[in-house]
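Just so you know, ligand 1 is whichever comes first in the structure, and atom 1 is the first atom listed for that ligand.
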Amino acid sequence: MTDKTRPRSVPDNSDGRTKAVRAGSVWSDLQEHAELLAVSSSYAFNSAEEAARTFSGEREGYVYSRYTNPSVRSFEQRLAALEGADCCVATSSGMSALLLLALAVLKPGDRVVSSAEVFGTTHAMLGSYLPQRLGIECEFVPLTQPQRWEKALASGARLALLETPSNPLLKQADLAEIAALCRSQGTELVVDNTLPTPVQLQPFALGADWVWHSATKWLDGQGRCVGGALLGRAEYESDLREAMRVCGLSMSPFNAWVFLKGMETLHLRVEQASRTARQLAVWLQQQPQVEAVFYPGLESDPQRELAAKQMDGCGSIVSFCVRGGQQQAWRCMDATQLFSITPNLGDSRSTLTHPATTTHRGLSDADKEAQGIGPNLVRLAVGLEAPSDLRADLQRGLSALEHQS
Ligand SMILES: *Cc1c(COP(=O)(O)O)cnc(C)c1O
């Protein structure tokens, strides 16, 4: 910002809703009222001396968009404000945020403990790529069993990683409890906050050391751009920036600009979708064709008190089992008209997935059974359509089961 511009800063103690709209923006001296899209691969200097001082880090300034760009910086600062983090580095995808963490923090021989119920590609990175390519060992433990975490952490681990609530079955970890276990063993806790978003879960306040995101989901919110972010303490900032400079896992400025727009409506979208999800979950429980419903906001959910304690709302994923097997689950999905059949989530358009044959098809039959991913399980990722239309569409799907046999 130059002194020509009226300062537009957001008080630190502002509500998340205010930060989502106003925090973090990098302004030019053109007096724009909305962030400009900074499409420039490199930045020019006023003199050779200024270039030298910028390269040496003595002067702050943009150099090259592989590691510094004003649109990307605006995104980073806004997300850092929402998560309550000192440092945020934007990446080309959610997966590259996890890779950045591995490249910046882990060494061959390090151990990682992770919940088994993580996003499928996270499982693949921790279970195969990092062990086979970088010599990192990973042990998976059940999300909801603190004794198993305690035992796994006792052997020493550089990082522990989890995602709560889990997808698709919405199991939860007690974040404060796992964070305390990690702290007692000197292990840093990493939380994937993609699903709950900072609107509904604040992992740093509950003791996490790192948070990462797939911005592709709720931060975008309209299913358009792929991106991610890694957030942590200020002491790691220079290591992370260095890893970005060397490895180039960079977010595109255009995507950063789309995510900035997305974050302005994050609270409205997440809150609306969660309200609809809860209504649909309650309604599904009353349907004769439905055997079980998974949603942390249901009276019947065994972990509803934990959800009430650590989350502000219960999210927009609802899963349910139809009576019968895979054929009935598929028939129900195929008979809907409005829901898209796609695994995306955090989109304004509601989606339906059959986890056992898509997102979780890579699990062995034993792992599917252990995690409860049965052939009759269907997952909803609720978006922004009218609740009544979504309910009518599910009714269409379930009615198709009555007319069979
Ligand atoms: C989608 C997703 C990821 C991976 O993010 P990409 O942007 O697709 O690389 C990681 N974690 C969760 C929970 C996700 O939903």
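Counted by atom type alone, Asn193 and Glu83 present one or more donor-acceptor pairs between their side chains at under 3.5 Å. A donor-acceptor pair shorter than 3.5 Å cannot be found between the side chains of Gln222 and Ser348. When only modelled atom types and interatomic distance are considered, Ser28 and Glu32 share a side-chain donor-acceptor pair under 3.5 Å.
Results of the ring-ring contact (aromatic ring centres under 6.0 Å, His included) test with Tyr43 over Tyr67, Tyr62, Tyr64 single out Tyr62 as the only residue that passes.
Classification of Glu76 and Arg241 as a salt-bridged pair holds, one side-chain N sitting under 4.0 Å from a carboxylate O.
Around ligand 1 you find Ser93, Gly94, Met95, Phe119, Glu163, Asp192, Thr194, Leu195, Trp212, Ser214, Thr216, Lys217, Gly227, each with a heavy-atom distance below 4.0 Å.
Ring centers of Trp210 and Tyr236: under 6.0 Å apart, within the cut-off.
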